[in-house]
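Remember, predicted model here, so these are calculated numbers, not experimental data. Just so we're on the same page: letters track the sequence lines, and every chain starts at 1.
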Amino acid sequence: QEKWASLKIGEIDLETATDPYYLLVEFPYPSGDLHIGHWYAFALTDMYARMLRQRGKDVLFPIGFDAFGLPAENAAIKHGVDPKEWTMANIERMRRQLMSMGSSFDWSKEVIACDPSYYQWTQWLFTKLFEHGLAVRKTAPVKWCPKDQTVLANEQIIDGKCERDGTPVEERILTQWFLKITDYAERLLEGLNTLPWREEIKEAQRAWIGKSEGAFLYFAIPGTEAKIKVFTTRPDTVFGATYVVLAPEHALVGVLDVENRAEVDAYVTATGRKTERERSENKEKTGVRLKGVTATNPATNEEIPVFVADYVLNTYGTGAVMAVPAHDERDFEFAKRHKLPVRIVVEGGVGHDPYTGPGTLIESGTWSGRQSEDAKWEMIEHVGGERTTNYRLRDWLVSRQRYWGCPIPIVYDPEGRPHPIPAEHLPWLLPTDVDFKPSGEAPLASSKELKERVTRIFGEGWTPEYDTLDTFVDSSWYFTRYLDPKDANQFSDQTLMKKWLPVNRYSGGSEHTTMHLLYARFFMKALYDLALVPVEEPFEERFNRGLIMGTDGQKMSKSKGNVLNPDEFVAKFGADAVRVYLAFIGPYNEPGSYPWNLDGVASMRKFLERVARMAENATADGSDVATAQTAAKVAEDGDRFKFNTGVAALMTLLNSFEEHEHVSIRSARAFITMLAPFAPHLAEHLWEKLGGEGSVHRTSWPESTVEQAELVEVVVQVNGKRRGSLMLSPAAAESEALLAAKSIASIASALDGTEPRRTVYVPGRIINLVI
RNA sequence: GCCAAGGUGAUGGAAUUGGUAGACAUACAGGACUUAAAAUCCUGAGAGGGCCUAAAAACCCUCAUGUGGGUUCGAGUCCCACCCUUGGUACCA
């Protein structure tokens with residue numbers, strides 16, 4: 001490791017590089033200790049970085065720390081430590097651990113998200129988004145975690161509970177900063193079509209964006225000017241709409257002149273107190289009729305009742321639906337419970353109740369007899385509606401009422417209008433005189449210094465923004481900063497971005513598919529539109545790695561007591577054995593889950609010892625062993641992130657090496673060169689023993705052109721079943737192959753004197769005789 | 001429910017565009033070395049059967065990649081239906 005450090009094995013000169021390859025792995029949160037998941041993430045990507053360097057690429061393989069976030073703040077609250085000191089100490093420890101696994105990161109490009117020299121540019125980019133209307137303030141009901149005393153993003157809520165601590169989420173109304181990711185919904189979808197990512201990842205993003213084609217229809221309220229605007233994907237069923245439902249939070253609920261105001265208000269209050277989880281858990285369709293209020297069905301002109309019910313979400317569509325109980329399951333249930341009429345307007349399906357598929361329209365005026373799918377879009381116009389596209393994706397809420405995050409670079413004038421903090425005042429430093437204890441108020445509000453700073457710079461009556469940014473903002477652009485990490489004048493370098501972006505390959509966890517990965521894509525597209533970056537899509541290839549499970553096949557967790565500490569294995573078997581084991585455990589190009597096998601690590605140690613014995617026994621006049629085929633195979637498997645079969649190929653080669661008492665130093669060196677990405681320490685050691693010059697990690701990959709063998713085995717089948725084989729030139733003609741095949745005893749007996757009526761011949765591979 | 005990815009020996013897994021299923025390992029069994037063990041090395045092995053045998057090797061056959069069909073000279077791979085597992089997602093109108 002010292003040798004590599006002095007040789008600067010991992011460092012790359014971005015400007016002079018001629019064959020650039022940008023290999024990126026998600027930068028870690030500095031939690032303190034490296035677990036097996038970290039090893040899996042960093043050791044295997046390191047293998048590919050090393051391999052590519054040996055194969056002549058100029059590889060950028062950077063590392064940094066996603067260093068803002070809750071754990072530091074929680075440590076501050078719990079143990080009274082300074083979040084910054086806590087974080088920096090963890091970073092120092094993780095740096096040493098990352099080096100100890102034998103990684104070859106380019107540390108000269110390191111970025112740390114909580115360092116002012118980094119977050120200065122997070123802030124600057126935010127002000128650019130603000131100036132172009134992509135960062136906006138909105139009043140909105142937000143999800144609130146009562147334990148963390150903070151607002152949560154939708155993405156941080158799992159089953160209505162806080163992702164971090166499982167506390168049931170509450171709702172609050174606050175003014176928050178949002179990034180307008182919804183403006184990019186369509187382009188984020190389109191971009192997926194051109195990316196060569198696994199379908200799995202693309203589908204998850206598509207589902208998250210949740211595009212649906214439909215229409216806005218309007219239901220007038222007689223006696224008022226008001227109209228209820230609904231979103232529907234089934235305008236073809238409008239003749240079957242027998243009532244209208246408003247979400248409890250819908251603006252009209254409080255405004256309309258209802259006869260049973262007290263009852264309605266009580267219902268709204270009761271549902272407002274419920275968490276979304278409770279609402280969805282209780283599948284019973286509760287609701288209250290707005291007495292004295294009706295809506296006009298724009299197709300039938302009938303007056304139909306209006307309800308408020310919590311099965312309608314205010315956050316999707318318009319917060320109001322036209323209910324068609326005959327053709328929607330939820331409406332059907334609600335209608336049954338409240339004894340509302342069910343009117344069938346689409347014929348189709350048998351035994352379905354309700355029937356939700358397409359079919360022939362009935363009871364639909366002049367549209368009767370038409371196919372629902374055909375008539376759908378024409379009917380919108382007829383009822384005065386408009387065609388529209390709705391997305392499930394919501395704007396990205398980035399405000400956090402927390403301390404340990406990037407301060408939002410905004411100040412408010414005496415009238416309360418937001419202004420971006422001018423570039424000359426960036427970085428807008430996180431104040432240090434704050435009270436961390438959660439009080440329901442943002443911690444920054446307790447800083448005297450921050451208020452004084454705003455008054456001094458902007459004047460009396462000006463006030464600071466107290467919220468900090470979601471850490472996903474920090475991680476949405478870090479890969480551009482790696483190209484120019486120390487620049488005090490710009491967030492990155494245009495020339496270098498043109499040369500190095502998009503990232504060639506991005507490796508990370510599948511848990512980031514719909515959050516980080518989508519945010520980073522949005523950021524790139526927005527910055528592209530502002531002419532700040534040269535590419536629209538940040539990542540050319542994306543690989544989601546799998547999960548390493550405990551020895552019991554269960555996910556490792558403290559509560560299950562099956563957490564394995566990599567340090568123990570490193571101490572016992574060495575970093576190389578752990579690396580090779582992780583490579584061998586399963587394919588890295590798909591997100592599977594692999595149980596840790598204690599014997600497995602030990603067996604990798606044995607493999608490495610066998611390699612060492614082989615190399616130590618190598619002599620100048622030993623046997624030459626063909627290595628070209630293995631060199632091609634290992635390289636190809638590396639390109640596919642299939643390190644398991646790459647290692648297997650090396651094991652196979654070692655087996656054939658061991659058939660010789662001594663192999664030549666030349667062959668041994670070729671082997672060691674190929675082992676180097678996987679077991680870099682042992683390879684370097686053996687390289688020196690074999691008298692190699694410099695570092696094995698600076699050698700080039702062994703020759704991998706395989707000479708075409710003169711004779712290859714061709715399998716002979718009779719009626720598709722293997723009945724023998726013969727050695728044949730790949731260039732042999734079919735007639736020659738047929739003649740040779742027939743002369744084999746086992747074939748002759750299988751043919752039993754019958755002349756094949758057909759022959760299928762694949763040169764160099766197979767000949768099939770059909771009788 | 002919907003979407004996606006999967007289902008191959010005891011286990012992890014392998015198998016270019018359809019072309020020798022089970023590479024490479026682990027575990028297991030037997031053997032060598034050892035007083036013994038560990039380590040190391042060698043050998044065996046999908047299931048069942050046949051032939052020849054004192055016994056074995058070699059050889060041969062049948063079946064076998066979740067289940068049932070289909071396409072094809074040939075299917076783990078392609079198509080249809082179903083079952084199961086994992087992941088994502090959900091009163092999304």
List, with names and distances, any nitrogen or oxygen atoms from the protein found under 3.5 Å away from nitrogen or oxygen atoms belonging to nucleotides 8-15 of chain B.
| residue | atom | partner | partner atom | Å |
| --- | --- | --- | --- | --- |
| G12(B) | O2' | Ile585(A) | O | 2.8 |
| G13(B) | O3' | Asn644(A) | ND2 | 3.4 |
| A14(B) | OP1 | Lys642(A) | NZ | 3.0 |
| A14(B) | OP1 | Asn644(A) | ND2 | 3.1 |
| A15(B) | OP2 | Lys642(A) | NZ | 3.1 |

- Query: Under 3.5 Å, is there a donor-acceptor pair between the His512(A) and Glu26(A) side chains?
  - Reply: yes
- Let me know the distance between CH2 of Trp208(A) and P of G87(B), rounded to the nearest Å. 17 Å
- Message: Give me the distance, rounded to whole Å, that separates G87(B) from U11(B) when you measure between the C1' atoms they each carry.
- Response: 23 Å
- Task: For G12(B) versus U8(B), give the span between their C1' atoms, rounded off to a whole number of Å.
- Result: 12 Å
- Item | 5' priority, RNA chain B, between Asp328(A) and Ile766(A) [closest heavy atom] | Ile766(A)
- What closest approach, in Å, do Ala241(A) and Asn297(A) show between heavy atoms, and which atom pair accounts for it? O-ND2, 3.0 Å
- Query: Looking at residues at least two apart in the chain, or sitting in another chain, which of them share a salt bridge (Lys or Arg N to Asp or Glu O under 4.0 Å) with Arg610(A)?
  - Reply: Glu658(A)
- Message: Please confirm whether the shortest side-chain N or O distance from Arg723(A) to OP1 or OP2 of C60(B) is below 4.0 Å.
- Response: no
- Which is true for Arg613(A) with a 4.0 Å heavy-atom rule: it touches a base, it touches only sugar-phosphate, or it touches nothing? sugar-phosphate
- What integer number of Å spans the C1' atoms of G19(B) and A5(B)? 27 Å
- So Phe334(A) and Phe307(A), would you call those rings parallel, tilted or perpendicular, with 30° and 60° as cut-offs? perpendicular
- To the nearest angstrom, the CZ-P distance between Arg610(A) and C41(B) comes to 6 Å
- Stems in RNA chain B: runs of 3 or more consecutive Watson-Crick or G-U pairs, distances under 3.5 Å? B:1-7 with B:83-89, B:10-12 with B:24-26, B:28-32 with B:40-44, B:46-50 with B:59-63, B:66-70 with B:78-82
- Query: Lys606(A) NZ to C24(B) P: how many Å, rounded?
  - Reply: 17 Å
- Task: Output, in order, the C-alpha distance, side-chain angles, deciding distance and verdict of salt bridge (Lys or Arg N to Asp or Glu O under 4.0 Å) for Glu199(A) and Arg206(A).
- Result: CA-CA 10 Å; Glu199(A) 207 47 41; Arg206(A) 287 193 190 107; 3.2 Å; yes
- Exactly one candidate in Asp236(A), Thr232(A), Thr237(A) meets side-chain hydrogen bond (donor to acceptor under 3.5 Å, both in side chains) with Arg234(A); the answer is Asp236(A)
- Round to the nearest Å and state the distance from Asn544(A) atom CG to G6(B) atom P. 14 Å
- Query: Checking all strands, does Val324(A) fall into the base, sugar-phosphate, or nothing category for heavy-atom contacts under 4.0 angstrom?
  - Reply: nothing
- Message: I'd like to know if Arg542(A) and Glu200(A) make a salt bridge, using a cut-off of under 4.0 Å between side-chain N and carboxylate O.
- Response: no
- Item | Pair Phe643(A)-Phe641(A), ring pair (Phe, Tyr, Trp, His ring centres under 6.0 Å): steps then yes or no | CA-CA 6 Å; Phe643(A) 302 109; Phe641(A) 261 22; 5.3 Å; yes
- Results of side chain to side chain contact (heavy atoms under 4.5 Å, CB included) for Leu726(A) - residues two or more places apart only: Val714(A), Val716(A), Leu728(A), Ala740(A), Ala741(A), Ile744(A)
- Query: Can you check the Leu653(A) CG to A25(B) P distance for me, whole Å?
  - Reply: 12 Å
- Atom-pair distance (CG on Leu313(A); C1' on A90(B)), nearest Å: 10 Å
- Span that lies between the C1' atom of U77(B) and that of G66(B), in whole angstrom: 16 Å
- Touch class at under 4.0 angstrom, heavy-atom based, for Glu713(A) against every strand present: base
- Whichever of Glu203(A) and Phe231(A) has the more 5' nearest nucleotide on RNA chain B, that residue is Glu203(A)
- Item | Shortest side-chain distance from Ser212(A), nucleotide among A93(B), A23(B), A25(B) | A93(B)
- Query: Would you say the side chains of Asp395(A) and Thr182(A) form a donor-acceptor pair under 3.5 Å?
  - Reply: yes
- Please state whether the phosphate of A90(B), meaning OP1 or OP2, lies under 4.0 angstrom from any side-chain nitrogen or oxygen of Arg392(A). yes
- Query: Taking atom P in both A27(B) and G22(B), what distance in whole Å separates the two?
  - Reply: 22 Å
- Task: Identify, with sequence neighbours excluded, every residue that meets side-chain hydrogen bond (donor to acceptor under 3.5 Å, both in side chains) alongside Arg545(A).
- Result: none
- Message: For A21(B) and Arg722(A) - does any side-chain N or O of the residue sit under 4.0 Å from the phosphate oxygens OP1/OP2?
- Response: no
- Query: Would you say a side-chain N or O of Asn655(A) is under 4.0 Å from OP1 or OP2 of A25(B)?
  - Reply: yes
- Message: Tell me if G31(B) is syn or anti. Syn = glycosidic torsion within 90° of 0, anti otherwise.
- Response: anti
- Basic-acidic side-chain contact under 4.0 Å: Glu333(A), Arg337(A): no
- Task: Can you tell me the distance, in whole Å, between the CZ atom of Arg206(A) and the C1' atom of A5(B)?
- Result: 15 Å
- Think Arg579(A) forms a cation-pi with Trp39(A), using NZ or CZ under 6.0 Å from the six-ring centre and within 45 degrees of its axis? no
- Query: Which whole-number value in Å describes the distance from Leu547(A) CG to U86(B) P?
  - Reply: 14 Å
- Gap in Å between the two C1' atoms, one belonging to G13(B) and one to C73(B), rounded: 31 Å
- A10(B) versus G18(B) - spacing of their C1' atoms, nearest Å: 30 Å
Please write out each protein N/O paired with an N/O of nucleotides 70-77 of chain B under 3.5 Å, distance rounded to 0.1 Å.
| residue | atom | partner | partner atom | Å |
| --- | --- | --- | --- | --- |
| C73(B) | OP1 | Arg758(A) | NH1 | 2.7 |
| C73(B) | O2' | Asn768(A) | ND2 | 3.2 |
| C73(B) | O2 | Asn768(A) | ND2 | 2.3 |

- If we take the C1' atom in both G9(B) and U16(B), what is their distance in whole Å? 24 Å
- Short side-chain donor-acceptor distance under 3.5 Å, Asp331(A) and Tyr311(A): yes
